[in-house]
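Quick caveat, the model's predicted, so the values are computed rather than measured. By convention in this document, chain letters (A, B, ...) are assigned in the order of the sequence lines, proteins followed by strands, and residues within each chain are numbered from 1.
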Amino acid sequence: MPFTLATWNINSVRLREPLVIDLLKAEAPDVLCLQECKSPVDKIPREGFAALGYEHLVARGQKGYNGVAILSKLPLEEVGAEDFAGLGHARHVAARLPNGVVIHNHYVPAGGDIPDREKNEKFGQKLDYLTDMTKAFEADRPKDAILVGDLNIAPREDDVWSHKQLLKIVSHTPIEVEHLTAAQEAGDWVDVTRKDIPEGPLYSWWSYRSPDWDKADKGRRLDHVWATPDVARAASGSRILRDVRGWEKPSDHAPVFAHFDL
DNA sequence: ATGGTAGCTAGGCTA
């Protein structure tokens, strides 16, 4: 059962319902994982998605902040949700496809501006979220699984516009990269996007604060698609839809796609 | 060093 999967930090699913619909019409992924829905689950505008064949939805939500959703043309079996770092936020949800593959959709805390947990509680929460993720993978090694989402960390030098200038900027500090790498290794996760596109600059997010984001191109790769080795072997054709960042009233993130021939 | 923009929701928090 081959399928195409996409992940996109939508920054309000209600405000950007028309953009979601445009993406579904243009690219028709089988599964679309959204982050930062900023909506209670019962207020997600699912009718417009269902009309395009996306009849299945598994989500966690809260008013105003966070929120994750898995939207699918294929049936979804809800697997549940974790509350890593005990924040009580809607940052994870998981669902199983008919072929048995479990999809984990994460929105990792951004972590505030100061990369020091003594001075900034939110940075500590971000590291704790990743540590809890690592522990969960050590306790229960994932199998036949995909993990996607806004992980809010750009791990590689070529995942940011300037490695040197971002070393002390939250999202690219060494301690964050260490925590993310520990989680990745604990789950034996393969970075599918970099398996398919091994070389060169690759970004999925450009700040709203940068005028002329396209020309300046001060991006970071914060959005990721990981898979367990067996599933990753079946992956191909990964791409980041940079053009979507240039749509009218855009999200600050571009969608990331991967195809799986399973 | 600072400020730059956006969403939610009505002043400030979060990103």
Side-chain angles (χ1 to χ4, degrees), chain A residues 7-23 33-45 59-69 83-92 105-117 119-130 148-155 159-162 164-173 175-177 179-180 203-224 240 242 244-256:
Chain A
T7 179
W8 192 15
N9 178 317
I10 191 62
N11 187 18
S12 175
V13 71
R14 291 153 81 183
L15 186 70
R16 281 186 247 285
E17 177 190 3
L19 272 71
V20 175
I21 286 173
D22 286 349
L23 184 77
C33 297
L34 299 171
Q35 302 86 34
E36 276 205 272
C37 296
K38 297 187 173 178
S39 171
V41 174
D42 62 4
K43 293 194 172 167
I44 293 175
R60 289 293 184 277
Q62 60 186 92
K63 195 176 160 187
Y65 300 100
N66 310 314
V68 285
D83 181 20
F84 291 149
L87 301 171
H89 296 171
R91 294 184 177 275
H92 170 254
N105 183 12
H106 279 279
Y107 176 47
V108 173
D113 287 334
I114 303 167
D116 180 345
R117 68 186 310 154
K119 296 175 185 162
N120 168 21
E121 181 184 37
K122 287 204 278 289
F123 192 72
Q125 291 170 347
K126 180 178 199 174
L127 299 181
D128 291 347
Y129 190 102
L130 295 163
V148 305
D150 178 1
L151 305 186
N152 263 316
I153 295 171
D159 290 338
V160 295
W161 64 275
S162 168
K164 200 172 171 185
Q165 286 179 256
L166 288 173
L167 271 171
K168 291 180 177 173
I169 302 299
V170 172
S171 73
H172 192 61
T173 64
I175 191 165
E176 289 171 87
V177 174
H179 278 66
L180 185 70
Y203 315 139
S204 66
W205 173 89
W206 295 261
S207 172
Y208 284 127
R209 297 176 192 176
S210 168
D212 212 355
W213 67 274
D214 193 24
K215 185 157 179 278
D217 201 19
K218 294 185 174 181
R220 307 177 200 169
R221 189 171 70 103
L222 304 180
D223 302 275
H224 298 268
I240 299 181
R242 180 187 177 108
V244 173
R245 177 62 178 79
W247 287 2
E248 192 160 346
K249 289 282 283 177
S251 167
D252 45 354
H253 294 252
V256 183

Legend entry - Integer angstrom distance from the P of dG11(B) to that of dA1(B): 35 Å

Inset, instruction - Please determine which of Asp159(A), Ile153(A), Val256(A), Val160(A) meets the side-chain contact (heavy atoms from CB on, under 4.5 Å) test together with Arg221(A). - result: Asp159(A)

Inset, instruction - Decide whether Thr7(A) and Gln35(A) meet the rule of one side-chain donor and one side-chain acceptor closer than 3.5 Å. - result: yes

Inset, instruction - Pick the P atom in dT9(B) and in dA15(B), then give their distance to the nearest Å. - result: 15 Å

Legend entry - Interatomic distance at C1', dA10(B) relative to dT14(B), whole Å: 16 Å

Legend entry - Polar contact flag, side-chain donor to acceptor under 3.5 angstrom, Asn66(A)-Glu36(A): no

Legend entry - Integer-rounded Å distance: dT5(B) P and Arg245(A) CZ: 13 Å

Inset, instruction - Return the value, rounded to whole Å, for the distance between atom CH2 of Trp205(A) and atom C1' of dT5(B). - result: 11 Å

Legend entry - Partners meeting side-chain hydrogen bond (donor to acceptor under 3.5 Å, both in side chains) with Trp206(A) (sequence neighbours left out): Asp217(A)

Inset, instruction - May I ask you to check whether Asn11(A) and Ser251(A) show a side-chain donor-acceptor distance below 3.5 Å? - result: no

Legend entry - His106(A) and Phe84(A) aromatic centres sub-6.0 Å: yes

Legend entry - Summary of protein contacts for nucleotides 7-15 of chain B, nucleotide by nucleotide, where a base hit scores B, a sugar-phosphate-only hit scores S (4.0 Å, heavy atoms): SSS---BSB

